[in-house]
Asks: 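Can you read through this structure? Questions will come right after.
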Amino acid sequence: MPDFQTSPGMRDILPPESARWRRFVHVFAGVAEGAGDGQVISPLLEDLGVFQRIGDATDVVTKEMYDFVDKGGRHVALRPELTASVCRAFVQHRPLTPWKVWYAGSQFRYEKPQRGRYRQFDQVGIEVLGADDPYLDVEIIALGWEFYRALGLQQVNLLLNSLGEPADRARYVQALQEHFEAHLDTLSDESKVTLQKNPLRVLDSKRPQDAPLVAAAPKIAEFYSEAAAAHFAAVQAGLTELGIPFTVDSKLVRGLDYYRHTTFEYQGGTLESAQNALGGGGRYDGLVESLGGPPTAGIGFALGLDRTLIACDDEGVFPAPANDVDVFVVDTTGGLQALQITAQLRDVGIGADRAFENRSMKSQMKAADRSGATYAVIIGSNELDAGEAVVRPLRAERALNPDGSPSDGTQSTIPRSDLLDHLKKALS
RNA sequence: GUGGUCGUAGCUCAGCUGGUAGAGCAUCAGUUUGUGGUACUGAGGGUCGCGGGUUCGAGCCCCGUCGAUCACCCCA
C-alpha cells in the first residue's frame, strides 16, 4: 500500500477516462453555445454567506459544506453547487439580461461517498437570469434533453413539476404539515425529523412505510395561483410542441430550497434508484435578490458527470475515445533516428510515438501495435546505412498505399528523404 | 451521520473445517538467419489494507482502524 492515496470521495481521473471527460464538456459546450450561452468560470472558493443564502433547510448548506476560515480571517467555503456562485457573479457584474451562461467544474459536498456520489464531483450546467418567460423554461429543459441525445443516451426520463409561487408553496407546505401531523403514528421516525425541517422533503421518502401516507398527501396542483397554473401549463405545452416526453410528478420537490415554479429532473432508466438523478434544476426567481441584487428571475439546471457517464456505460454509448497516434517509429540503432523522425512528424501535425530504452525489435513492434498507430516506421542498421526507411502498415483497414489505394498490408522501403511526404500522403 | 457487505500480485480473482501464498491477464526476456497482433518457454512482481489480540502456528478466528461498496439520508 502506498503511503498516500486520495481522500475519501475524491479520485484521480486517468486516461483514457480523462479524455472522455474532456469530450463530455466539449459536447455540452457545443449544445449550450449553440443556444447563445457563454461560459462563466467562477472561483472554487466563495464567501460562506453566498451559499448560506441557498437556504438553512438545505442539507447541502447545513451539513455538507467544506467551510473554513482562511489566513485573512474570512469564512469561506468550497462551492457545494454553482447556481449561487453564478447569481453572485450576476450581482457583482450586472451584465445585460437575459444573461445566459453555462459552466463546468468541480463541486464539493462532505457526504458519505458511494458510487456516483463523491465529495468532489463534477457538473455541467446552464443558468439564465433575468427572464421569467415560461418558454425559457422550455428552452432550458430542451437543452438538457438535447445534450443527452448528443451523448447517445436513450433511456432518460424527464420528470416535471411546479412548486407554484412562494405564497402557493407556503400554503402547500402548511397543508402538508397538517396532513402528516395528523398521521404521525404511521410516519417513519426519519420522516418525523424531516417533517420538522422541511415538510416538502417528506414526499421524497423512499421508505415503504411512508408510501401510503405520501400517496394520500395533498397535491401541490390544488394550491396553484392562476398565474402559477398558467406558467406551468405553458411549460407543458411548449415541451409537447417540441416533442419532448415528460411525466408530471407532483412529488418532485428537489432538495434546494430556492426553487419555485418549474422544477424538473432527468432520471436514468438503467441506474439504481439511489443514484438515478442524472441532473435536475428549476426556477429560483428570488435567489438573486437574496444575494443583494435586484429582483431577478432565474432558471437553470446542473447535470452530474459521473452519473451521466455511468448511464452511458450502461447503455453502451459515448465510450472513452482512443488516444491513437498516427505513426510509431521503431528504431533499433539506438534511438537517435526515432528522435529525429518523431520530431519531424509532429512538426507537420502527424501524431507520432516511439519506444525508449533501446528495446528489442520485437518489443518495439509490440509497443507499436499497442499504440494504435496506423503505420510503423522501422529504422535498423541496414536502413540507416542505406539512407532508407521501412513503412509498414499496422492497421490494414485504415492504411493506404502511397498511391491512395487500400493497403494490402505489405511494407515498403523508401528513401529517407521521401519519408515525410510519403506519410503525409498516406495519412491524408 | 446510521446500518449491511467487502479489502489477497499492476488488473480480475482462487485459497476447503486456522499449518507460514496461487491462477488468468498484463509486464519483461527468449523460441525466430532484423518485423507486432495467435502459439510455446522462462523471469520479475505480494510484510494477504493497517494496528492489536487469541493460538505452538492466522490470509483464514476476535477487536479496533482506514478504505471501497450497498441501503437509509441527501443529491448530481
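Below, chain A is the first sequence line, B the second, and so on; all start at residue 1.
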Asks: Heavy atoms only, 4.0 Å cut-off, all strands: where does A/L82 land among base, sugar-phosphate and nothing?
Replies: nothing

Asks: Centres of the A/Y148 and A/F318 rings: under 6.0 Å?
Replies: no

Asks: When rounded to the nearest Å, what value does the distance between P atoms of B/U38 and B/C28 take?
Replies: 13 Å

Asks: Does A/G9 reach a base, just sugar-phosphate, or nothing at all? Heavy atoms under 4.0 Å.
Replies: sugar-phosphate

Asks: Determine the Euclidean distance between corresponding P atoms of B/G53 and B/G10; express it in Å to zero decimal places.
Replies: 28 Å

Asks: Is a donor-acceptor pair below 3.5 Å formed from side chain A/E111 to base B/A76, judging by atom type as modelled?
Replies: yes

Asks: Using only side-chain N and O atoms of A/R370, determine if any of them is under 4.0 Å from OP1 or OP2 of B/U27.
Replies: yes

Asks: Which base, if any, makes a Watson-Crick or G-U wobble pair with B/A21, both distances under 3.5 Å?
Replies: none

Asks: Cation-pi check for A/F328 against A/R354: NZ or CZ below 6.0 Å from the six-membered ring centre and within 45 degrees of the axis, yes or no?
Replies: no

Asks: Of the options B/U35, B/C75, B/C72, whose atoms approach the side-chain atoms of A/R109 most closely?
Replies: B/C75

Asks: Could you work out the separation of B/C60 and B/G15 based on their P atoms and round it to a whole Å?
Replies: 14 Å

Asks: Between the base of B/U31 and the side chain of A/K362, is there any donor-acceptor pair under 3.5 Å?
Replies: yes

Asks: With rounding to whole Å, what would you report as the distance between B/A21 and B/A9 at their C1' atoms?
Replies: 10 Å

Asks: So which one's nearest nucleotide on RNA chain B is more toward 5', A/M365 or A/L305?
Replies: A/M365

Asks: For the rings on A/Y266 and A/F264, is their centre-to-centre separation under 6.0 Å?
Replies: yes

Asks: What heavy-atom pair brings A/A217 and A/F180 nearest, and what distance separates the two atoms?
Replies: CB-CZ, 4.3 Å

Asks: Roughly, in whole Å, what's the span from NZ in A/K366 to C1' in B/U32?
Replies: 14 Å

Asks: Using a heavy-atom cut-off of 4.0 Å across all strands, would you classify A/N382 as base, sugar-phosphate, or nothing?
Replies: base

Asks: Please confirm whether the shortest side-chain N or O distance from A/S360 to OP1 or OP2 of B/G34 is below 4.0 Å.
Replies: no

Asks: Determine whether any donor atom in the side chain of A/Q364 lies under 3.5 Å from an acceptor atom in the base of B/U35, or the reverse, and answer yes or no.
Replies: no

Asks: Just the rounded figure in Å: distance from P of B/A76 to OH of A/Y110.
Replies: 20 Å

Asks: Identify whether NZ of Lys or CZ of Arg in A/R11 sits under 6.0 Å from the centre of the six-membered ring of A/Y118 and within 45° of that ring's axis.
Replies: yes

Asks: Tell me the closest heavy-atom pair linking A/A142 and A/L242, and the distance in Å.
Replies: CB-CD1, 3.8 Å

Asks: The side chain of A/L394 lies closest to which of these nucleotides: B/C75, B/U69, B/G36?
Replies: B/G36

Asks: With a cut-off of less than 4.0 Å, is there a side-chain N or O of A/R201 near OP1 or OP2 of B/C75?
Replies: yes

Asks: Nearest of B/G1, B/G67, B/C75 to any side-chain atom of A/K112?
Replies: B/G1

Asks: Does any N or O donor sit under 3.5 Å from an N or O acceptor when you compare the side chain of A/E383 with the base of B/G34?
Replies: yes

Asks: B/C70, OP1 or OP2 - any side-chain N/O from A/R117 closer than 4.0 Å?
Replies: no

Asks: Is there a donor N/O on one and an acceptor N/O on the other, under 3.5 Å, for the side chain of A/D369 and the base of B/G37?
Replies: no

Asks: Contact class for A/Q107 vs. all strands (heavy atom < 4.0 Å): base, sugar-phosphate, or nothing?
Replies: nothing

Asks: With no hydrogens and no angle check, just 3.5 Å: does a side-chain donor-acceptor pair link A/Y103 and A/E127?
Replies: yes

Asks: A/G380 near the nucleic acid: base, sugar-phosphate alone, or nothing, with a heavy-atom cut-off under 4.0 Å?
Replies: base

Asks: OP1, OP2 of B/A71 versus side-chain N and O of A/Q114: anything below 4.0 Å?
Replies: yes

Asks: Expressed as a whole number of Å, how far does the P atom of B/U17 sit from that of B/C6?
Replies: 14 Å

Asks: Quote, to the nearest angstrom, the C1' distance that separates B/G67 from B/G51.
Replies: 15 Å

Asks: Would you say A/S363 places a side-chain N or O within less than 4.0 Å of OP1 or OP2 belonging to B/A29?
Replies: yes

Asks: Between A/T332 and A/R207, which has a closest nucleotide on RNA chain B that is more 5'?
Replies: A/T332

Asks: Which whole number of Å gives the distance between the P atom of B/G18 and that of B/C61?
Replies: 9 Å

Asks: Please report the distance separating the C1' of B/C63 from the corresponding atom of B/A58, rounded so that it comes out in whole Å.
Replies: 15 Å

Asks: Within the structure shown, what part of the strands sits under 4.0 Å from A/L303 by heavy-atom distance: base, sugar-phosphate, or nothing?
Replies: nothing

